[in-house]
Amino acid sequence: MSAEFEGRRVLVTGGTKGIGEATVRRFRDAGATVITTARSVPDDAADPTLYIAADVSTAAGCAAVADAVQARLGGVDVLVHVVGGSGAPGGGFAALDDGEWDKALAANLMAAVRLDRALVPGMIAQGSGVVVHVSSIQRTLPLWESTIAYAAAKAALSTYSKALSKELGPQGVRVVSVAPGFVETTAAAAMMQRLAAHDGVDVQTARQGVMDSLGGIPIGRPAMPREVADLIGFLASPSAAAIHGVEYVIDGGTVPTV
């Protein structure tokens, strides 16, 4: 596996925590040159040139990332959109004002749209490339308590991803989507803290409440970031050359329907 992505140029958004960090490690371990984004470069970064400090939920941030990638790598062969999430308060639909909706759509949909628009033309020009959009099972199993806007944005991302695949497939660029369920990340832990504070319960109770609201997880636990990263790595690899325009769910069996 050490040479699986040798010579490949990869951009992973949101690559300093959780699924993003695991995805960066997955590609680097397989020989790729990986640049990732974050709002700030980690203090312990071994090579700061492999990080781009930018807020990709903004148009200016996406433009800065695209310019930096072109300058440092001359384009990309694999583009993985991990950045996203929800910082919305609990309380259902009435607690989400226009600002919360704008933030959810900007981070979970428009970041991918803008970066694809900037970087995919280079893939088309070279006749090859892979785009991976990280969606969520909430696009089909939304939670009303605090993530309605997030779920709606991820549903839009999945629809956009499918449409993009129809356009790009004939031009040599594969597009796939990955839909994780509950993943044990720092962002998930922060959401548990917010829900616990809102409901006046401890974090473990809030965590169990989320699992219960999903209908339970048949394997008995959330997925780990590395497990999601391994799926992304496979889908971006030559081994998945015939996989295109589909979404792969990794949720421990949470979604109860076919």
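Nothing fancy with the numbering, it's 1 onward along the sequence. Nothing here was measured: the structure is a model prediction, and the numbers come from that model.
- Residue Glu100 holds its CD atom at 4.0 Å from NZ of Lys103, rounded to the nearest 0.5 Å.
- The two residues Phe27 and Ala236 make their nearest non-hydrogen contact at CZ-CB, 3.8 Å.
- Proximity of a side-chain donor or acceptor of Arg8 to a complementary backbone N or O of Thr33 within less than 3.5 Å is not detected.
- The two atoms that bring Asp116 and Pro121 nearest to each other are O-CD, 3.6 Å, heavy atoms only.
- Between the side chain of Thr13 and the backbone N or O of Val83 there is at least one donor-acceptor pair closer than 3.5 Å.
- Between the side chain of Gln171 and the backbone N or O of Glu167 there is at least one donor-acceptor pair closer than 3.5 Å.
- Using a 4.5 Å heavy-atom cutoff, the side chains of Arg26 and Ile232 are not in contact.
- Pairs of residues two or more places apart, or lying in two chains, never qualify as side-chain hydrogen bond (donor to acceptor under 3.5 Å, both in side chains) while including a residue from residues 231-240.
- For the atom pair OG1 of Thr254 and CG of Leu141, the computed distance is 8.0 Å after rounding to the nearest 0.5 Å.
- Between the OG1 atom in Thr186 and the NZ atom in Lys17 there is a gap of 5.0 Å [rounded to 0.5 Å].
- Asp251 CG to Ser136 OG: the interatomic distance, rounded to the nearest 0.5 Å, is 9.5 Å.
- Figure legend: cation-pi geometry between Arg28 and Tyr51, with NZ or CZ positioned under 6.0 Å from the six-membered ring centre and within 45° of its axis.
- Closest heavy-atom contact between Ser177 and Ser158: OG-OG, 4.3 Å.
- A continuous path of hydrophobic side-chain contacts links Val249 to Phe182 [ILVMFWY only; heavy atoms under 4.5 Å].
- With a 6.0 Å radius and a threshold of 12 heavy atoms from other residues, nucleotides or ligands, Arg9 has its CZ atom above the threshold.
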Original post:
Given Asn108 and Leu105, is the side-chain contact (heavy atoms from CB on, under 4.5 Å) satisfied, shown in steps?
Top reply: CA-CA 5 Å; Asn108 295 287; Leu105 290 165; over 6 Å; no
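- Between Gln138 and Thr147, the side chains place a donor N or O and an acceptor N or O closer than 3.5 Å (distance only, hydrogens not considered).
- Applying the 6.0 Å contact sphere to CZ of Arg221 captures more than 12 heavy atoms from other residues, nucleotides or ligands.
- Of the possible donor and acceptor atoms, one in the side chain of Gln126 sits under 3.5 Å from a partner among the backbone N and O of Ser128.
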Subject >> Derivation of the side-chain contact (heavy atoms from CB on, under 4.5 Å) call for Thr36 and Leu50 >> reply: CA-CA 6 Å; Thr36 189; Leu50 297 178; over 6 Å; no
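- Lys162 and Glu247 are not joined by a salt bridge, as no carboxylate oxygen comes within less than 4.0 angstrom of a charged side-chain nitrogen.
- Between the OG1 atom in Thr159 and the CZ atom in Arg139 there is a gap of 7.0 Å [rounded to 0.5 Å].
- Looking only at atom types and distance, the side chain of Asp202 has a donor-acceptor partner in the side chain of Thr205 under 3.5 Å away.
- The hydrophobic cluster containing Val173 does not contain Val10, counting ILVMFWY residues as joined when their side-chain heavy atoms lie under 4.5 angstrom apart, directly or transitively.
- Among all heavy-atom pairs drawn from Thr185 and Pro225, the shortest one is CG2-CG, 4.0 Å.
- Looking at Val175 and Val130, their side chains never come closer than 4.5 Å, going by heavy atoms from C-beta outward.
- The distance from the CZ atom of Arg114 to the CG atom of Leu109 is 9.0 Å, given to the nearest 0.5 Å.
- Looking at Glu184 and Arg226, no side-chain N of the basic residue comes within less than 4.0 Å of a carboxylate O on the acidic one, giving no salt bridge.
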Subject >> Audit row: Leu168, Ile124, side-chain contact (heavy atoms from CB on, under 4.5 Å) steps and yes/no >> reply: CA-CA 8 Å; Leu168 299 186; Ile124 295 172; 3.7 Å; yes
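- Met192 and Trp144 fall into different hydrophobic clusters, where Ile, Leu, Val, Met, Phe, Trp and Tyr residues are linked whenever their side-chain heavy atoms come under 4.5 Å apart, directly or through other members.
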**OP:** Verify side-chain contact (heavy atoms from CB on, under 4.5 Å) between Ile19 and Val178, making sure each step is shown before the conclusion.
**Re:** CA-CA 11 Å; Ile19 294 171; Val178 172; over 6 Å; no
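- Linking Ile, Leu, Val, Met, Phe, Trp and Tyr residues whenever their side-chain heavy atoms come within less than 4.5 Å places Met110 and Leu119 in a single cluster.
- Using a 4.5 Å heavy-atom threshold, the side chains of Val131 and Arg174 count as separate.
- For Tyr160, the ring pair (Phe, Tyr, Trp, His ring centres under 6.0 Å) partners at least two apart in sequence or on another chain are His133.
- Side chain of Asp97 to main chain of Gly99: a donor-acceptor pair is present (N/O by atom type, distance under 3.5 Å, no hydrogens or angles).
- Residues Met123 and Leu79 are in side-chain contact: their nearest non-hydrogen atoms beyond the backbone lie under 4.5 Å apart.
- Hydrophobic clustering places Ile243 together with Val80 (ILVMFWY residues linked when any side-chain heavy atoms are closer than 4.5 Å, directly or through intermediates).
- Around atom CG of Asp98, no more than 12 heavy atoms belonging to other residues, nucleotides or ligands sit under 6.0 Å away.
- Closest heavy-atom contact between Ala118 and Ala66: CB-CB, 3.6 Å.
- At a threshold of 4.5 Å between non-hydrogen side-chain atoms, the residues Pro222 and Val183 do not count as touching.
- Judged by distance alone, with hydrogens and angles left aside, the side-chain atoms of Thr37 form a donor-acceptor pair with the main-chain N or O of Gly14 at under 3.5 Å.
- Residues forming a salt bridge (Lys or Arg N to Asp or Glu O under 4.0 Å) with Arg25 (at least two apart in sequence, or on another chain): Glu21.
- Heavy-atom minimum distance, Lys166 versus Pro170: O-CD, 3.5 Å.
- For Lys154 (side chain) and Val134 (main-chain N/O), a donor-acceptor pair under 3.5 Å exists by modelled atom type.
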